[in-house]
Amino acid sequence: MGEVGHKQTNKVRLGFATAAFLFVLIAFAPVSHAGGLGFAPLAVIAGVAGYVGFGRKCRFSELPGTIIALGVFLTWVVITSIWSPYMDPQPVPNPIKLLLGIALYLGVFLLPPINWLNRAIIWIGVVGLGLLLYDFHTGYEFSKFFYPLGEGEHPVARRNSIYQNLSHGITVMALLAGPMVFYLARTKILGPVLAVIWVLGTLYVAFIAGLAVGLLAVLIALVFMGLAWLIKDRALDVLIFLAAFSILFAPLTGYAMGFVPADIKSRMTDSWEHRVEMWAYVAEMIAQKPILGHGFDAVRTFERTYTGMNIDGKPWEQNIIALHPHNAGLHIWSETGAVGAALATITLFMLRHCLKNAIKTKPDMLIPMVGFLAAALSLCTFTYGIWQEWFWGVLILIGALIPMSIMNAK
């Protein structure tokens with residue numbers, strides 16, 4: 001192929017990558033509002049755009065240590081599916097989808113810095129919060145318009161489904177708190193005031209939704225951002241240490257939950273009482289297979305039931321584990337054992353090393369990245385399953401948007 005042909009091919013390739021990434025940015029807020037499940041395909045689109053736009057082969061020697069460590073951890077996760085009691089009915093089983101999906105998502109880090117991306121992040125955060133406020137104050141009118149009641153579907157079931165979607169949207173706003181506050185505070189006109197307004201709006205919508213984990217994630221993000229402002233990159237050290245501690249000592253935390261007095265549990269909300277019971281049970285299951293774990297998705301087969309919640313004044317019996325333990329450390333230990341916990345911890349410390357090097361070059365990256373990681377740690381500790389593909393998608397997308405926006409930001 002001649003020089004003209006190469007130029008034309010590069011033009012088409014870069015045009016595709018640009019158009020694909022713009023689509024991801026435009027769809028980000030609506031996908032967040034719709035419950036976040038669309039972040040898996042969005043992350044695939046962004047990742048493919050990165051691989052296509054990169055335009056050359058990447059040698060293994062060029063891979064960051066974080067990516068290698070993550071690859072080893074995920075490979076072990078796939079291996080554990082061999083002895084898992086869960087029978088996956090899908091043609092492509094969940095662990096393979098997770099491994100291939102994350103490999104595709106990571107391509108977004110190959111996209112070049114974009115000097116207007118800081119403004120795009122602000123618009124995503126403003127639109128996302130605006131949609132949440134509108135829906136909660138209109139009885140979910142916006143969601144009902146795009147997500148009408150199905151034939152034979154109970155209105156209460158649909159309302160609960162919409163609420164779950166909006167709850168996911170709130171947690172995505174919490175993940176965005178770091179870059180949102182950082183960029184809003186640096187705007188020329190009333191920057192700090194706008195940042196405070198956005199934070200208060202996010203806390204307000206989490207409060208009226210009754211989503212304690214949303215409030216917690218935003219507040220912890222703010223605390224660590226303040227810590228980063230005071231002690232610089234040592235805040236990142238503290239954060240990574242806490243994340244590693246939460247994984248390595250998760251079984252002890254779960255074991256301790258078995259000693260929570262009944263009178264204290266009776267004063268908890270149903271969801272938090274359920275977590276206490278669930279974490280104690282998962283710790284028991286970890287003790288059965290502490291080294292290799294029960295295998296990928298094995299928690300779906302754990303059979304103990306729970307009747308702590310009441311429906312219409314009557315105890316409602318349900319499986320004590322609703323798909324996952326709502327704690328990353330316990331999830332990793334129960335399914336991949338001590339081996340998986342060790343590999344996950346190594347990945348965290350490799351991430352610390354990678355971020356430290358990047359922050360030396362671009363110090364402005366520290367505060368928004370620490371805020372994002374603090375919110376992510378909160379959500380992984382108290383709510384989401386560690387294997388959820390959409391959650392990996394949004395984490396990788398936001399994790400890439402921060403350095404991409406910082407590199408050329410004024």
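Fair warning: this is a prediction, and the values are worked out from it, not measured in the lab.
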Mind listing the closest non-hydrogen atom pair of [X] and [Y] along with its distance?
X    : Y    : value
V108 : A400 : CG1-CB, 3.5 Å
A46  : L111 : O-CD1, 4.1 Å
T336 : A341 : OG1-N, 4.3 Å

Would you say that [X] contacts [Y] through its side chain, given a criterion of any heavy-atom pair below 4.5 Å between the two side chains?
X    : Y    : answer
P403 : M365 : yes
Y183 : T187 : no
I82  : I79  : yes
L176 : F372 : no
V238 : F224 : yes
Y281 : I321 : yes
L133 : L129 : yes
I396 : F109 : yes

Original post:
Who are the salt bridge (charged side-chain N to carboxylate O under 4.0 Å, His left out) partners of R119, not counting sequence neighbours?
Top reply: none

**OP:** Any pair with a residue in residues 158-167 that passes salt bridge (charged side-chain N to carboxylate O under 4.0 Å, His left out), sequence neighbours left out, goes on the list, sorted by first then second residue, please.
**Re:** E153-R158

**OP:** Any pair with a residue in residues 163-176 that passes salt bridge (charged side-chain N to carboxylate O under 4.0 Å, His left out), sequence neighbours left out, goes on the list, sorted by first then second residue, please.
**Re:**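 Sorted result for residues 163-176: empty, none.
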
Contacts of [X] that satisfy side chain to side chain contact (heavy atoms under 4.5 Å, CB included) - sequence neighbours left out:
X    : result
T345 : A244, I247, L248, F349
L292 : W76, W83, V339
E303 : none
V260 : M257, I264, K265, M268, V276

Is the distance between the ring centroids of [X] and [Y] under 6.0 Å?
X    : Y    : result
H33  : F28  : no
F382 : H326 : no
W387 : H324 : no

Considering only distance and modelled atom types, tabulate donor-acceptor pairs under 3.5 Å from the side chains of residues 93-103, sequence neighbours left out.
{"residue": "N94", "atom": "OD1", "partner": "Q90", "partner atom": "NE2", "Å": "2.8"}
{"residue": "N94", "atom": "ND2", "partner": "D88", "partner atom": "OD2", "Å": "3.4"}
{"residue": "N94", "atom": "ND2", "partner": "D297", "partner atom": "OD2", "Å": "3.0"}
{"residue": "K97", "atom": "NZ", "partner": "Q90", "partner atom": "OE1", "Å": "2.8"}

Is a side-chain donor or acceptor of [X] paired with a backbone partner of [Y] at a separation under 3.5 angstrom?
X    : Y    : result
T66  : M350 : yes
S378 : A374 : yes
E277 : Y306 : no
E335 : A298 : yes
N327 : T381 : yes
H331 : I386 : yes

Subject >> Selection residues 226-239 - residue pairs positive for side chain to side chain donor-acceptor pair (under 3.5 Å), sequence neighbours left out >> reply: D233-K356, D237-R352, D237-K356

**OP:** Give the C-alpha distance, both sets of side-chain angles, the deciding distance and a yes or no for ring-ring contact (aromatic ring centres under 6.0 Å, His included) between F39 and F391.
**Re:** CA-CA 7 Å; F39 278 121; F391 191 54; 9.9 Å; no

Subject >> L355: which of L366, L373, L239 passes side chain to side chain contact (heavy atoms under 4.5 Å, CB included) >> reply: L373

Subject >> Check against side chain to side chain contact (heavy atoms under 4.5 Å, CB included), M404 and F21 >> reply: CA-CA 12 Å; M404 287 171 64; F21 188 62; 3.5 Å; yes

To the nearest 0.5 angstrom, please state how far the [atom1] atom of [X] sits from the [atom2] atom of [Y].
X    : Y    : atom1 : atom2 : result
W279 : I286 : CH2   : CD1   : 12.5 Å
D364 : I359 : CG    : CD1   : 10.5 Å
M173 : L132 : CE    : CG    : 6.5 Å
I122 : S405 : CD1   : OG    : 9.5 Å
L397 : I402 : CG    : CD1   : 11.5 Å
M87  : T301 : CE    : OG1   : 11.5 Å

Original post:
Side-chain donor-acceptor pair under 3.5 Å between S81 and Y86, yes or no?
Top reply: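 Side chains of S81 and Y86: no pair found under 3.5 Å.
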
Original post:
Relative to each other, are the rings of W390 and H168 parallel, tilted or perpendicular (30° and 60° limits)?
Top reply: parallel

Original post:
Which residue pairs pass the ring pair (Phe, Tyr, Trp, His ring centres under 6.0 Å) test with at least one member in residues 232-252, sequence neighbours excluded?
Top reply: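 Found F245-F249.
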
Residues 139-146, side-chain donor-acceptor partners within the protein, below 3.5 Å, at least two apart:
{"residue": "E141", "atom": "OE1", "partner": "Y134", "partner atom": "OH", "Å": "3.4"}
{"residue": "S143", "atom": "OG", "partner": "D135", "partner atom": "OD2", "Å": "2.4"}
{"residue": "K144", "atom": "NZ", "partner": "G139", "partner atom": "O", "Å": "3.2"}

Please tabulate, for the side chains in residues 198-215, all donor-acceptor contacts under 3.5 angstrom to protein atoms that are two or more places apart in sequence or on a different chain.
{"residue": "W198", "atom": "NE1", "partner": "G125", "partner atom": "O", "Å": "3.1"}
{"residue": "T202", "atom": "OG1", "partner": "W198", "partner atom": "O", "Å": "2.9"}
{"residue": "Y204", "atom": "OH", "partner": "H137", "partner atom": "NE2", "Å": "2.9"}

**OP:** Start with the C-alpha gap between V282 and V299, add the side-chain angles, then the distance that decides, and say whether side chain to side chain contact (heavy atoms under 4.5 Å, CB included) holds.
**Re:** CA-CA 8 Å; V282 173; V299 296; 5.6 Å; no

